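Down below is the structure, laid out as structure tokens.
Predicted, not measured: the structure shown is a model, and the values here were computed from it.
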Amino acid sequence: HGLLQRRLLQQSRSLLLTVRRQSAEIDDHQRRALMRVERDASGAVVLDDAPIDLEALLSEMENEIEAAERRLRRSSDS
């Protein structure tokens, strides 16, 4: 019982460290993205080409979720 609890605590600490590291990376990425605002000649913000089609948007979201899950699995394996 004690060994199981110790192992769970170690895994929890590892998971917490992974979450903190990923959160810091996301925060850093968001800060950099916010600083790179493209504007047109009139000063209006230029948005990236975003899918207008609902199916394309859902597909893009699913791809991003799968990529995030793969990154999470890789980071937990190391």
Between atom [atom1] of [X] and atom [atom2] of [Y], what is the distance when rounded to the nearest 0.5 Å?
X: Leu57; Y: Met61; atom1: CG; atom2: CE; value: 5.5 Å
X: Arg31; Y: Ile26; atom1: CZ; atom2: CD1; value: 11.5 Å
X: Ser14; Y: Leu9; atom1: OG; atom2: CG; value: 12.5 Å
X: Arg7; Y: Ser12; atom1: CZ; atom2: OG; value: 11.5 Å
X: Leu15; Y: Arg20; atom1: CG; atom2: CZ; value: 11.0 Å
X: Leu8; Y: Leu3; atom1: CG; atom2: CG; value: 11.0 Å

Salt-bridge present (Asp28, Arg32; N to O < 4.0 Å): yes

Is there side-chain contact between Glu25 and His29, with heavy atoms separated by less than 4.5 Å? no

Taking the side chain as everything from C-beta on, heavy atoms only, tell me whether Arg39 gets closer than 4.5 Å to Val37. yes

Which heavy atom of Val46 sits nearest to which heavy atom of Asp40, and what is that distance? CG2-N, 3.5 Å

